[in-house]
Protein chains: 2
Amino acid sequence: MASETTEPTSAKASEDFGGLRMTKQRQVVYEVLADLSHDHPTASEVFVTAKERMPSISLATVYNCLETLTGSGAIRQVNIDREATRYCANLQPHAHFYCTDCDKVFDIGLERGADASSIWSLPPGCRVEEMHVAIRGVCGTCPKCRQDHAA
Amino acid sequence: MASETTEPTSAKASEDFGGLRMTKQRQVVYEVLADLSHDHPTASEVFVTAKERMPSISLATVYNCLETLTGSGAIRQVNIDREATRYCANLQPHAHFYCTDCDKVFDIGLERGADASSIWSLPPGCRVEEMHVAIRGVCGTCPKCRQDHAA
DNA sequence: ATTATTCTAAGAATCATTCTAAAAAGTGTC
DNA sequence: GACACTTTTTAGAATGATTCTTAGAATAAT
């Protein structure tokens with residue numbers, strides 16, 4: 001697949017994402033997501049913004065790209081209940097807080113030194129691959145909350 | 001079931017579930033779920049078993065009942081990614097472990113004394129209503145998983 | 001007993017997502 | 001640069017879990 005002799009050919013941004021081919025569409029989708037990451041956009045929302053930057057792109061392609069990027073570990077899926085899957089370019093371990101009032105999703109970091117899996121009494125022999133923490137609640141004053149997490 | 005001493009009107013099992021009317025269908029759905037709770041059945045799976053006990057029941061009614069019971073806090077929803085919602089009669093705080101190998105869902109209890117929400121640095125002023133923890137991995141306990149480990 | 005309210009049943013509708021088939025783009029080879 | 005080959009994109013159809021709708025049944029209130 002990826003022949004790495006010397007690379008005077010086309011610059012391969014693909015190497016950043018586990019050897020997958022970095023097409024223009026994937027680039028656009030990734031950039032849109034990185035830009036909108038705080039909003040945790042759905043596939044449709046990514047599509048809207050991606051289309052502004054590349055009018056020819058299709059929804060199916062956005063789905064394909066999001067799946068490929070997720071598979072390569074470049075982005076993460078966020079599922080809150082059974083609502084449309086949202087996507088997130090934040091790769092740090094974090095939880096998601098869904099405000100039932102303003103309908104927004106916020107990233108919640110770990111307390112320093114905390115280990116999210118150690119509090120669960122997992123049976124011996126089982127191997128954890130992924131952990132998704134979704135917290136529902138009310139964020140209080142929504143504008144304030146948004147400010148607090150804008151960083 | 002409900003052994004009230006003096007009750008002029010009809011006995012209300014409803015009082016057990018936050019004042020909602022305990023119809024026969026809701027009763028059946030709840031009992032099915034309590035019986036199958038370890039399996040974390042989907043609505044369709046609940047429907048199959050409920051239909052054995054009450055052949056006239058419809059899928060839409062099972063959905064309605066599950067929603068009502070969830071709303072009253074008698075049962076809980078379990079969502080793993082965007083797969084069909086599963087239901088669970090275990091009301092203790094617990095996480096769900098989804099084995100990607102054997103496709104089963106297990107309840108995972110908290111380590112004693114642990115507090116699931118204290119490890120997250122939640123912004124001040126926000127109120128947590130619910131917390132869903134989904135862990136993906138390989139359970140290593142089922143025959144299939146043990147076989148895969150050996151291989 | 002009569003009326004009002006809530007619940008159930010069956011099927012249609014919805015909507016996010018996946019699939020399909022064909023065209024397009026990229027890759028490697030001469 | 002033209003050729004065969006693989007991967008990706010596109011557009012629309014298909015899928016499947018869930019929700020909606022409407023009429024009729026059951027239950028509660030008057």
Side-chain angles (χ1 to χ4, degrees), chain A residues 1-15 17-30 32 40-48 50-51 53-72 74 77-87, chain B residues 7-15 17-30 32 40-48 50-51 53-72 75 77-87:
Chain A
M1 303 301 237
S3 58
E4 48 248 64
T5 44
T6 50
E7 24 76 67
T9 51
S10 57
K12 288 175 191 164
S14 42
E15 288 170 277
F17 297 116
L20 68 87
R21 204 189 220 160
M22 185 46 58
T23 64
K24 284 182 180 178
Q25 288 84 346
R26 285 173 184 170
Q27 190 88 47
V28 168
V29 167
Y30 180 76
V32 166
H40 299 84
T42 62
S44 306
E45 288 164 352
V46 170
F47 175 56
V48 168
K51 207 166 174 61
R53 303 184 187 182
M54 179 187 260
S56 66
I57 203 167
S58 76
L59 178 58
T61 297
V62 170
Y63 271 105
N64 286 340
C65 294
L66 290 170
E67 189 188 353
T68 308
L69 291 165
T70 302
S72 77
Q77 288 191 332
V78 180
N79 287 290
I80 305 286
D81 296 339
R82 271 203 105 250
E83 293 188 358
T85 299
R86 296 161 183 271
Y87 296 85
Chain B
E7 209 54 89
T9 54
S10 56
K12 287 175 192 166
S14 44
E15 287 171 275
F17 296 116
L20 68 85
R21 203 139 107 190
M22 184 47 57
T23 64
K24 284 183 180 179
Q25 287 85 345
R26 286 173 184 169
Q27 188 89 43
V28 167
V29 167
Y30 179 76
V32 166
H40 299 83
T42 63
S44 306
E45 288 164 352
V46 170
F47 175 56
V48 168
K51 206 167 175 62
R53 304 184 186 183
M54 179 187 259
S56 67
I57 204 168
S58 76
L59 178 58
T61 297
V62 169
Y63 271 105
N64 285 339
C65 293
L66 289 170
E67 189 187 356
T68 308
L69 290 165
T70 302
S72 77
I75 65 176
Q77 288 192 332
V78 180
N79 287 290
I80 305 286
D81 296 340
R82 270 202 108 250
E83 292 187 0
T85 299
R86 297 161 183 272
Y87 296 85

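Every chain is numbered from 1 and lettered A, B, ... according to where its sequence line falls, protein lines coming before strand lines. Quick caveat: nothing in here was measured; it's all calculated off a predicted structure.
For A:R26, the side-chain atoms get nearest to D:dT9 when compared with the rest of C:dA9, D:dT18, D:dT9.
In this structure, A:Q77 CD and A:E67 CD are separated by 8.5 Å, a value rounded to the nearest 0.5 Å. Distance check, rounded to the nearest 0.5 Å: OH of B:Y87 to CG of B:L66 gives 5.0 Å. Going from atom OG1 of A:T61 over to atom CE of A:M54 covers 9.0 Å, rounded to the nearest 0.5 Å.
For the pair B:R86 CZ and D:dT18 P, the computed distance is 11 Å after rounding to whole Å. The distance from atom CD of B:E67 to atom C1' of D:dT19 is 9 Å, rounded to the nearest whole Å. For the pair A:N79 CG and D:dA17 C1', the computed distance is 14 Å after rounding to whole Å. For the pair B:D81 CG and C:dT17 P, the computed distance is 12 Å after rounding to whole Å. Regarding B:F47, its CZ atom lies at a distance of 12 Å from the C1' atom of C:dT8, rounded to whole Å. Whole-Å rounding puts the A:N64 CG to D:dT8 C1' distance at 8 Å. For B:L66 and D:dT19, the CG to P distance is 10 Å, given to the nearest whole Å. For the pair B:Q27 CD and D:dT27 C1', the interatomic distance rounds to 16 Å; values are reported in whole Å.
Legend: residues meeting salt bridge (charged side-chain N to carboxylate O under 4.0 Å, His left out) with B:R82, ordered by chain and number and at least two apart, are absent. With sequence neighbours excluded, no residue forms a side-chain hydrogen bond (donor to acceptor under 3.5 Å, both in side chains) with B:N64. Take A:T42 and apply the side-chain hydrogen bond (donor to acceptor under 3.5 Å, both in side chains) test, not counting sequence neighbours, and it matches no residue. Evaluation of the side chain to side chain contact (heavy atoms under 4.5 Å, CB included) rule for B:F47 yields B:K51, B:I57, B:L59, B:V62 as partners, not counting sequence neighbours. Remark: A:A60 pairs with A:S58 by the side chain to side chain contact (heavy atoms under 4.5 Å, CB included) rule, at least two apart or across chains. Scanning for side-chain hydrogen bond (donor to acceptor under 3.5 Å, both in side chains) contacts around B:T70 gives an empty result, with sequence neighbours left out. By the side-chain hydrogen bond (donor to acceptor under 3.5 Å, both in side chains) test, B:T23 pairs with no residue at all, sequence neighbours left out.
Between C:dA16 and A:S44, no contact under 4.0 Å exists linking OP1 or OP2 to a side-chain N or O. Considering only side-chain N and O atoms, A:R82 lies nowhere under 4.0 angstrom from the phosphate OP1 or OP2 of D:dA17.
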Where do N or O atoms of nucleotides 24-26 of chain C meet protein N or O atoms at under 3.5 Å, pair by pair?
none

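Nearest-nucleotide positions on DNA chain D place A:T68 closer to the 5' end than the other of A:T68 and B:E83.
Across every non-hydrogen atom of B:D81 and A:N79, the tightest pair is CA-ND2, 3.7 Å. The two residues A:L69 and A:R26 make their nearest non-hydrogen contact at CD1-O, 4.2 Å.
Axis angle across the helix from C:dA1-D:dT30 to C:dC30-D:dG1, with five pairs used at each end and values rounded to 10°: 30°.
Annotation: proximity of residues 54-63 of chain A to DNA chain D (heavy atom, distance under 4.0 Å) is found for A:S56, A:I57, A:S58, A:A60, A:T61, numbered in ascending order.
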